[in-house]
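All heavy atoms count here, side chains included; hydrogens, waters and symmetry mates do not.
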Amino acid sequence: MECLVGMQCNDFVMVAADMTAARSILVKKSDHKKYLKLSDKLLMAVTGESGDTNQFSEYVAKNIMLYKMRNGYELSPAAAASFTRRNLAGYLRSRTPYHVNLLVAGYDDESGKPELYYMDYLASMAKLPYASHGYGGSFTTSILDRHFRPDMTRAQAYALMIECVKEVQKRLIINLPNFSVTVIDKEGIVDMEPITQAVIANQATA
Amino acid sequence: MSGYDRAITMFSPDGHLFQVEYAQEAVKKGSTAVGVRGNNVVVLGVEKKAVAKLQEDRTVRKICQLDDHVLMAFAGLTADARVLIKQARVECQSHKLTVEDPVTLEYITRYVASLKQRYTQSNGRRPFGISCLITGFDNDKTPRLYQTDPSGTYHEWKANAIGRNAKTVREFLEKNYTPENVATEEQTVKLAIKALLEVVQSGGKNLEVAIMREDSKLSMLEVSEIEKVVAVVEKEKEEEAATKKKESKSEAK
């Protein structure tokens with residue numbers, strides 16, 4: 001029901017997450033942020049069991065902060081993703097596994113490259129140029145297979161994200177009207193304008 | 001006094017906990033640290049112990065960051081400090097995780113002090129041999145400075161010193177600390193360095209100074225910047241001595 005999309009270009013990563021928080025037939029909120037800033041240049045977008053999402057993401061965020069305090073420097077995206085995955089894997093075969101699907105996106109200052117990691121509730125992890133979660137993900141993967149290029153500008157990537165959202169809204173039975181979009185580059189994390197009906201209409205006329 | 005100073009869990013007949021008092025003596029052997037609370041900055045200065053020729057200078061860190069907005073300097077047994085800092089850092093994050101708010105300075109000071117007190121009341125463990133100066137900004141942007149000691153007590157201060165010759169530095173601060181003297185960042189830093197120079201061999205190389213501002217930005221002063229302030233302080237001292245001499249000469253006449 002929830003949808004996460006991420007794409008890693010040459011000098012930034014863009015992550016979009018739907019903003020619908022629903023319980024059974026009721027839409028609680030349609031401006032719900034499904035991502036958490038782990039540090040200056042690290043972002044985690046989370047979907048899954050309500051409650052597990054908050055608990056797990058906040059726990060990881062604070063541990064990453066603790067690492068920074070203890071050691072004087074931040075974890076690289078690869079190390080943070082590895083830490084997250086190991087935590088998930090540890091809890092998987094306990095009585096209290098976390099049912100969360102994640103996209104971890106970050107910018108590695110050392111290598112000068114942005115990175116995107118896909119992780120699911122079974123603690124599998126893959127470093128990918130583009131990735132998605134949820135039923136909507138099936139549609140966006142096809143779009144990205146066809147149109148993704150690593151040398152896109154932010155504007156082009158945003159336009160491609162709008163195409164993905166349009167496809168999801170056309171073909172998925174569940175209505176997901178709004179998507180938040182965030183970009184991470186060497187300057188840090190920037191929230192872009194959420195993709196709403198108005199934005200899609202504007203783009204059509206532009 | 002023999003017999004009452006061995007076990008931490010025994011009071012002496014006149015109500016002393018000797019182990020705690022001996023821990024305070026250990027603190028007095030540590031290199032000096034001074035903390036000054038300004039209007040919109042907090043400054044911590046420590047005396048850098050001379051390092052051996054082959055030793056790497058940067059591995060001796062007496063000012064530590066506990067969280068984005070909390071800074072700590074200590075005097076006494078470095079290894080004991082390491083343990084406390086480790087636990088305090090975890091507590092800072094744990095607090096944020098459970099209540100979504102960063103710790104207040106008082107909370108984290110109380111935590112560190114409670115930890116120290118626990119070690120004065122259980123058998124088999126000696127007290128921590130350090131005093132801490134914990135400083136930073138609360139959520140509402142108020143600057144704070146707290147001091148803890150091995151007995152587990154803590155108090156808030158406007159300016160304080162711990163370690164070797166702390167008394168001299170504290171007396172200097174008592175004479176020279178006024179709200180006007182700490183109105184700007186520059187003045188606060190100057191006061192802290194001036195206070196340290198009372199007991200430390202002069203030279204920017206022997207001092208480590210950290211400043212934390214309202215927006216929780218921490219900066220450690222470069223040696224060159226410290227030397228600049230030291231030069232100003234020394235010049236002022238010379239001028240003061242010269243004018244005093246003149247006055248006494250004219251008086252004698």
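Counting heavy atoms of neighbouring residues, nucleotides and ligands inside a 6.0 Å radius, atom NZ of K127(A) exceeds 12 of them. Environment of CZ in F148(A): crowded, with over 12 heavy atoms of neighbouring residues, nucleotides or ligands closer than 6.0 Å. Within a 6.0 Å sphere centred on NZ of K158(B), other residues, nucleotides and ligands contribute 12 heavy atoms or fewer. The environment of CE in M1(A) is sparse: at most 12 heavy-atom neighbours from other residues, nucleotides or ligands sit within 6.0 Å. Within a 6.0 Å sphere centred on NZ of K190(B), other residues, nucleotides and ligands contribute 12 heavy atoms or fewer. Remark: K29(A) NZ is packed, more than 12 non-hydrogen atoms of other residues, nucleotides or ligands lying under 6.0 Å away. Other residues, nucleotides and ligands contribute at most 12 non-hydrogen atoms within 6.0 Å of the OH atom of Y121(A). The environment of CD in Q203(A) is crowded: more than 12 heavy-atom neighbours from other residues, nucleotides or ligands sit within 6.0 Å.
Counting only heavy atoms from C-beta outward, the side chains of M69(A) and D67(B) approach each other to under 4.5 Å.
Applying the ring-ring contact (aromatic ring centres under 6.0 Å, His included) test to Y98(A) and every residue at least two apart in sequence or in another chain returns F56(A), Y91(A).
Within residues 34-45 of chain B, no residue has any heavy atom closer than 4.5 Å to a heavy atom of chain A. Within residues 132-149 of chain B, no residue approaches chain A closer than 4.5 Å by heavy atoms. Contact annotation for residues 79-109 of chain B against chain A (heavy-atom separation below 4.5 Å, listed by residue number): K86(B), R89(B), V90(B), Q93(B), K96(B), L97(B), E100(B).
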